[in-house]
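Remarks on the structure that follows.
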Amino acid sequence: MQYFNFIGIYKTKGKYKKSYLDAKQSYLNRIRWGVSMFYFGMGLSFATWASRIPTIKADLQLSDGELGTILFALPVGQLIMMFFSGKLVTRFGSDRVLLFAALLYAFSLTNIGLAQNAWQLALALVAFGIFGNLTNISINTQGVYTEGLFRKAIMSSFHGMWSLAGFTGALVGLGMLALNSTTYMHFVIVAFVVLLLVTINFKYLIKAKEKVHPEKKKTFRKPDMSLVLLGVIGFCSMASEGIMFDWSGVYFKDIVKAPGSLIVVGYTSFMIMMASGRFFGDHLINKFGRKTVMQISGVMISFGLYMAVIFPYIIPCTIAFMIVGLGVSTVIPTLYSIAGKHPTIPTGEALTAVSSVSFLGFLLGPPVIGHISELFGLRYSFAFIGMFGILIAFLVKRVKAME
């Protein structure tokens, strides 16, 4: 099977230790909860950064275009690490890599709060992106392994914990703003919470052996087109998520003209519905099928974004962002679940392949939004991203694994 050269030239198959296969259901449930807490910690870290973007923008006196340029730094860090994440997870094990990455991800969050100017913020976001990617690949590898033990779809529920953390992070951000807390102190408190979650749950991470056999001949291989297609769908979804994470607060402040602390209502409503959709996503997929659910999701993404463009008022925009949240909820968990079960490519490396294309949505989405907004206005930026939902609905029909 042909796939991306930068993933590594390995063929391997994960093997569970016998203790997991013989474990009681109660212990498997504890593993599931432990893995879920790592998803929660990662989501809380990212949501904490996202909730403070409008504040940081104002404190550093950045224009939309300047903010858009600086936002390139985070996905650049993610892309840099994508060349190594899959190999590290395969070589050292997702459990060890995740422990290391999760702690540094939380620590790098605190550095963002220390930024006093644009270049310091950009540098901090590069580091945040590097450890974010390493955490993302290792945690989703753990998610695929855990799903394998349960022998049923549970990946959406893991991403639901990430989204629930996003909602929690938004509420904490609202409280911190109300208390006039500094950005740095806010980030330090959240990092300490993540440290506690890691300390309590790291011993429940799954240890799965990987037998690695380097191939002798070809060093360059064409992309595995099934993974590329999954990545393109992920690109469209993550671009839509990116605009909500990075620009929903700015949209409510500058376009909707939401007063005071209500600028986080758009982001909060989006995260609530994305979390809800992910907790119910596995049930919907089992009942209606991946293809149907994904096509409806794409339509909802477009409908919600265009609704926000046409009706830029608090109540309609809140409802619109909720629809977008439901739309994106099942897309990434479904893609990761399919990629992680690739018959010949290791779980971590297959996830890296899909993520490397998907996260281009984070690389291009939010920064492009800033520059389109600088030229034409933020509403036109949202209208541009709105086309991606329809593209998702169209591309899903071409993925055989969706059947």
Side-chain angles (χ1 to χ4, degrees), residues 68 156 159 163 166 229-252 255-256 265-278 280-281 284-285 288-335 354 357-373 376-399 402:
S156 286
H159 286 255
S163 300
L229 187 56
L230 292 176
V232 172
I233 295 173
F235 174 97
C236 295
S237 178
M238 286 195 167
S240 303
E241 288 187 40
I243 191 175
M244 301 305 293
F245 288 137
D246 292 350
W247 289 98
S248 58
V250 178
Y251 195 87
F252 259 63
I255 304 300
V256 178
V265 169
Y267 176 79
T268 304
S269 62
F270 165 77
M271 292 303 299
I272 289 174
M273 298 312 293
M274 186 166 72
S276 300
R278 285 177 170 172
F280 290 103
L284 294 175
I285 289 171
F288 299 106
R290 290 168 171 164
K291 184 176 180 179
T292 299
V293 172
M294 291 277 281
Q295 287 179 314
I296 294 174
S297 296
V299 172
M300 292 179 71
I301 291 171
S302 292
F303 181 82
L305 288 172
Y306 285 123
M307 180 177 176
V309 170
I310 297 172
F311 303 105
Y313 311 106
I314 291 183
I315 293 179
C317 270
T318 300
I319 296 173
F321 285 11
M322 292 171 72
I323 294 173
V324 176
L326 280 176
V328 302
S329 63
T330 59
V331 177
I332 295 301
T334 301
L335 297 179
V354 174
V357 181
S358 298
F359 270 101
L360 286 175
F362 266 49
L363 173 64
L364 299 177
V368 166
I369 291 308
H371 290 287
I372 293 177
S373 175
F376 305 105
L378 195 53
R379 291 171 70 183
Y380 285 95
S381 300
F382 272 59
F384 173 75
I385 297 297
M387 297 184 294
F388 287 2
I390 299 300
L391 186 57
I392 290 174
F394 173 76
L395 291 176
V396 163
K397 296 187 295 184
R398 299 176 60 88
V399 181
M402 293 287 180

Is a donor on one side and an acceptor on the other found under 3.5 Å between the side chain of [X] and the backbone of [Y]?
X: Y306; Y: A383; value: yes
X: R379; Y: V309; value: yes
X: S302; Y: V299; value: no

| query | Listed by chain and number, what are the ring pair (Phe, Tyr, Trp, His ring centres under 6.0 Å) partners of F382, not counting sequence neighbours? | reply |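 Result, ring pair (Phe, Tyr, Trp, His ring centres under 6.0 Å) vs F382: Y251.
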| field | Partner residues of F384 under the ring pair (Phe, Tyr, Trp, His ring centres under 6.0 Å) criterion, sequence neighbours left out | value |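 For F384, the residues satisfying ring pair (Phe, Tyr, Trp, His ring centres under 6.0 Å) (neighbours in sequence not counted) are F388.
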| request: Determine the minimum heavy-atom distance between C236 and L391, stating which atoms define it. | output: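 Shortest heavy-atom separation between C236 and L391 comes out as SG-CD2, 3.5 Å.
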| task | State which residues pass side chain to side chain contact (heavy atoms under 4.5 Å, CB included) with I272; sequence neighbours excluded, sorted by chain then number. | result |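 Side chain to side chain contact (heavy atoms under 4.5 Å, CB included) check on I272 returns F167, T268, S276.
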| task | Check whether any side-chain heavy atom of E241 lies under 4.5 Å from a side-chain heavy atom of I301, and answer yes or no. | result |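 No, their side chains stay 4.5 Å or more apart.
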Enter the distance from [X]:[atom1] to [Y]:[atom2] here, rounded to the nearest 0.5 Å.
X: I332; Y: L230; atom1: CD1; atom2: CG; answer: 10.0 Å
X: I385; Y: I243; atom1: CD1; atom2: CD1; answer: 5.0 Å
X: T330; Y: M274; atom1: OG1; atom2: CE; answer: 11.0 Å
X: R290; Y: T334; atom1: CZ; atom2: OG1; answer: 6.5 Å
X: M300; Y: M322; atom1: CE; atom2: CE; answer: 10.0 Å

| message | With ring pair (Phe, Tyr, Trp, His ring centres under 6.0 Å) as the test, pick out the partner of F321 among F252, F270, W247. | response |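 Among F252, F270, W247, the one meeting ring pair (Phe, Tyr, Trp, His ring centres under 6.0 Å) with F321 is F252.
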